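Only one structure is covered here, and it is reproduced in the block below.
Note that the numbering runs from 1 along the sequence shown for the chain. Source: prediction; values computed, not measured.
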Amino acid sequence: LTSTELRRFEEAFLRVFGELDPALDLPREQRWMAAMHGKVRKFSFDLRRGMAESITTLAAQDEHAAVGPHVSGKEWADRIIQQLLVNCTSWQMWASLCDQLPLLAEAAPEPFLSAVDNDLSSDDPLLAKLFDDTIDPLFHRSPHTGLLWALETLAWSPQYLSDAALALARLARLDPGGRMANRPKESLREIFLLWHPSTKSSLDRRLQVLKTVQQREEVVGWHLLSRLLPDQGIATSTHKPCRRDWAGDKEHTATYGEIYRGTSEILKMLLSTVGTDGSRWTVLINVLDKLLPNDRNAVFDALNKLDLNKLPEKEHIQVWAAVRHQLARHLQFAEAEWALPPEDVEKLQSLYLCFEPEDYTKKYGWLFSSRVEIPIAGNYNWQEREETIAKTRREAVKTVFETQGLDGIRTLASEVEQPGELGFSIGSSDIPHHIDAEFLNSALGSPCPALRNTGRSFLVGRSSLQDGQQWLKALRDAPDW
């Protein structure tokens, strides 16, 4: 190509891609009707697509191959894309490019990544304003998808994986959420999924980049790493390059050795930053039965080293609840293929007792919730389960009454999720009847809705006893009632 032809293409390219999309002048709920309002681009989609493919094709040749006098395809494409992106001084300009952004990024990865980095480093990133999917996606397309596809495209290359991943991590932090499934955090998961990676980078390179993401964006990094642990999820392919051979023709098949080693390294990263966060510990405890023995032991060891005196009450209860959930599952289904071996179940039982709170409200409050999992052995049917729950509840309220009296019962009633279940359990227990009038007067006359609910259900519980109807008649006839 002659220098004149290259110059004329460059001028035309910048003119075509420098046009703002007129549809962005409309309110977002009307943009799908842009053509009806006469808000259409001067240059067609096909022209823009063709020019983007042309510059990408020339750039994808041998980097040192000349496309004109004294200029390589890479140098030529870099210069044009850099000029284009320098003029992206508004979110509307970025949005106008988004339908061709994957090709533009593929044509000139370095100028593109530099422009993205500069914007995300500013106090008010323009790219954050591309997330615009809070309305029905059937009639609206958010421009952020083009940006995600561009970064996914570059992530296929080992050379650009780190920069692309860091950009996605920063976008994940800025993402306000929306109705579309295309999110930066989902792109990150698909790129680094151990059994289906969407990059040609080696496992060691991927782990290195994951450590960098965790160091730079700790919250996003932890969430990403936790989603790479073994699960039963699905994988979808990310956006692939059109002209470069970064993705290759053959899909990479991860070996079990890679998956196991990757899981162990990811678990080490997670344990190094889990701290005293109860929700994070819950994630790790919930995948115990999917980990290899050495990895499970690493989690058990870390739990045993936690200083309970320094663990905030909320986090303490979260960890205990997660241990209880796993313990109940593996005691009830001990014969299942996925069940933990007996020695690990014993470790869970030890942790359950170790983390059991001293406060009776916290110790027994979970029994009066919508989901009750009692850690006892046996694969019992639903009737046996309900009888076991009812018995355990009655024993709990009796213990609270014997140690803290009616004040303890009232405190418990004000904090449980289902005070009605608590009231029924009190009424159907063998707590002495001499407290009935006092409790009912204080409960039914209380300004606290939970306590009133407890009182009403207490009446139902007492009435369910063998002499319940006689008790109810005596209560109605009592002069002080």
Checklist outcome for this item: Rounded to the nearest 0.5 Å, the CG atom of Leu58 sits from the OG atom of Ser72 at a distance of 10.5 Å
Item to check | Minimal non-hydrogen separation, Glu190 against Ile234, with atom names | outcome: OE2-O, 4.2 Å
Item to check | Check ion pair Arg227-Glu186 (N to O, under 4.0 angstrom) | outcome: yes
Checklist entry - Are any side-chain N or O atoms of Arg48 and backbone N or O atoms of Phe17, one a donor and one an acceptor, separated by less than 3.5 Å? => result no
Item to check | Inter-residue atom distance His196.NE2 - Thr238.OG1, 0.5 Å rounding | outcome: 8.5 Å
Next on the checklist: Within the supplied structure, the quantity of interest is the number of heavy atoms (other residues, nucleotides, ligands) at a distance under 6.0 Å from Lys129 NZ; does it exceed 12?
Outcome noted: yes
Checklist entry - Heavy atoms, side chains only, cut-off 4.5 Å: are Leu291 and Leu284 in contact? => result no
Checklist entry - Which atoms form the tightest heavy-atom contact between Ala328 and Ile374, and what is the distance? => result CB-O, 3.9 Å
Item to check | Enclosure of Arg205 CZ (heavy-atom neighbours >12, cutoff 6.0 Å) | outcome: yes
Checklist entry - Do NZ/NE/NH1/NH2 and the carboxylate oxygens of Asp46 and Arg49 come within less than 4.0 Å? => result no
Item to check | Considering all heavy atoms, the nearest Ser96-Asp21 contact | outcome: OG-N, 2.8 Å
Checklist entry - Charged N to carboxylate O below 4.0 Å: is that the case for Glu265 and Arg206? => result no
Checklist entry - Looking only at atom types and distance, does a side-chain atom of His325 sit under 3.5 Å from a main-chain N or O of Ile285, one as donor and one as acceptor? => result no
Next on the checklist: Working note: Arg385 + Gln332, criterion side chain to side chain contact (heavy atoms under 4.5 Å, CB included); need CA distance, chi angles, decisive distance, verdict.
Outcome noted: CA-CA 11 Å; Arg385 175 182 178 277; Gln332 183 177 356; 5.7 Å; no
Which atom pairs, donor and acceptor, lie under 3.5 Å between side-chain atoms of residues 356-366 and protein residues at least two apart or in another chain?
| unit_1 | atom_1 | unit_2 | atom_2 | d |
| --- | --- | --- | --- | --- |
| Asp359 | OD1 | Thr361 | N | 2.8 |
| Asp359 | OD1 | Lys362 | N | 3.0 |
| Trp366 | NE1 | Lys363 | O | 2.9 |

Hey, can you pull the donor-acceptor pairs under 3.5 Å for the side chains in residues 300-307, sequence neighbours left out?
| unit_1 | atom_1 | unit_2 | atom_2 | d |
| --- | --- | --- | --- | --- |
| Asn304 | ND2 | Phe300 | O | 3.1 |
| Asp307 | OD1 | Asn309 | N | 3.0 |

Checklist outcome for this item: Residues at least two apart in sequence or cross-chain that pass ring pair (Phe, Tyr, Trp, His ring centres under 6.0 Å) with Trp91, listed by chain then number, are none
Checklist entry - Would you say the side-chain atoms of Gln82 and Arg79 include a donor-acceptor pair closer than 3.5 Å? => result no
Item to check | Close side-chain approach of Arg41 and Pro22, heavy atoms under 4.5 Å | outcome: yes
Next on the checklist: Given Trp222, which partner from the list Asp277, Val213, Val283 fulfils the side-chain contact (heavy atoms from CB on, under 4.5 Å) test?
Outcome noted: Val283
Next on the checklist: With a 4.0 Å cut-off on N to O distance, would you call Lys290 and Asp295 a salt bridge?
Outcome noted: no
Item to check | CH2/Trp338: more than 12 non-hydrogen atoms of other groups inside 6.0 Å | outcome: yes
Next on the checklist: Salt bridge check, Asp344 against Arg296: does any charged N sit closer than 4.0 Å to a carboxylate O?
Outcome noted: yes
Item to check | Separation of Leu207 CG from Phe192 CZ (nearest 0.5 Å) | outcome: 9.5 Å
Checklist entry - Got a sec: does the CD of Glu335 have more than 12 other heavy atoms crowding it under 6.0 Å? => result no
Item to check | Note: Arg243-Glu53 ion pair, threshold 4.0 Å (strictly below) | outcome: yes
Item to check | Neighbour count above 12 (heavy atom, 6.0 Å) for Tyr256 OH | outcome: no
Next on the checklist: Quick check against the 3.5 Å criterion: does Asn297 have a side-chain atom that pairs as donor or acceptor with the backbone of Pro293?
Outcome noted: yes
Checklist entry - Can a salt bridge be assigned to the pair Glu11 and Arg7 using a cut-off of 4.0 Å between side-chain N and carboxylate O? => result yes
Item to check | Nearest-0.5 Å distance, CG of residue Leu267 to OG of residue Ser226 | outcome: 11.5 Å
Item to check | Under 3.5 Å donor-acceptor, Asp117 side chain and Leu113 backbone | outcome: no
Next on the checklist: Under the criterion side chain to side chain contact (heavy atoms under 4.5 Å, CB included), I'd like the reasoning laid out for Ser54 against Phe9: C-alpha separation, chi angles, the key distance, then a yes or no.
Outcome noted: CA-CA 10 Å; Ser54 296; Phe9 182 93; 4.1 Å; yes
Checklist entry - Do the side chains of Phe45 and Gln100 get nearer than 4.5 Å, heavy atoms only? => result yes
Item to check | Stepwise side chain to side chain contact (heavy atoms under 4.5 Å, CB included) check, Lys240 with Ser198 | outcome: CA-CA 9 Å; Lys240 292 184 177 181; Ser198 291; over 6 Å; no
Next on the checklist: Within this structure, what is the CG-CD distance for the pair Asn381 and Glu386, rounded to the nearest 0.5 Å?
Outcome noted: 10.0 Å
Item to check | Side-chain donor or acceptor of Gln30 paired with backbone N/O of Pro27 under 3.5 Å | outcome: no
Checklist entry - Counting heavy atoms not belonging to Lys185, are there more than 12 under 6.0 Å from its NZ? => result no
Checklist entry - When you look at Leu228 and Met269, which way does the side chain to side chain contact (heavy atoms under 4.5 Å, CB included) test go after all the steps? => result CA-CA 12 Å; Leu228 300 179; Met269 290 185 240; over 6 Å; no
Checklist entry - In terms of side-chain heavy atoms, does Arg244 have a donor or acceptor partner in Thr56 at a distance below 3.5 Å? => result no
Next on the checklist: Tell me the closest heavy-atom pair linking Leu311 and Thr276, and the distance in Å.
Outcome noted: CD1-CB, 3.5 Å
Item to check | Side-chain heavy-atom pair Glu315, Trp281 within 4.5 angstrom cut-off | outcome: no
Checklist entry - Is there side-chain contact between Trp156 and His239, with at least one heavy-atom pair below 4.5 Å? => result no
Item to check | Glu152 side chain to Ser187 side chain, donor-acceptor N/O pair below 3.5 angstrom | outcome: yes
Checklist outcome for this item: Taken to the nearest 0.5 Å, the spacing of Glu217 CD from Leu168 CG works out to 11.5 Å
Checklist entry - Between Leu166 and Thr212, is any pair of side-chain heavy atoms under 4.5 Å apart? => result yes
Checklist entry - Under 4.5 Å between any side-chain heavy atoms of Ile376 and Thr392, yes or no? => result no
Checklist outcome for this item: Between Glu110 and Tyr160, the two heavy atoms sitting closest are OE2-OH, 3.3 Å
Item to check | Pair Glu218 + Arg280: basic N to acidic O under 4.0 Å | outcome: yes
Next on the checklist: Main chain of Leu127, side chain of Asp119: is a donor-acceptor contact present, judged purely on distance under 3.5 Å?
Outcome noted: yes
Item to check | Non-hydrogen side-chain atoms of Thr263 and Ile259 separated by less than 4.5 Å | outcome: yes
Item to check | Charged N-O contact under 4.0 Å between Glu19 and Lys42 | outcome: no
Checklist entry - Looking at Cys88 and Leu126, what are the two nearest heavy atoms and their distance? => result O-CD1, 3.8 Å
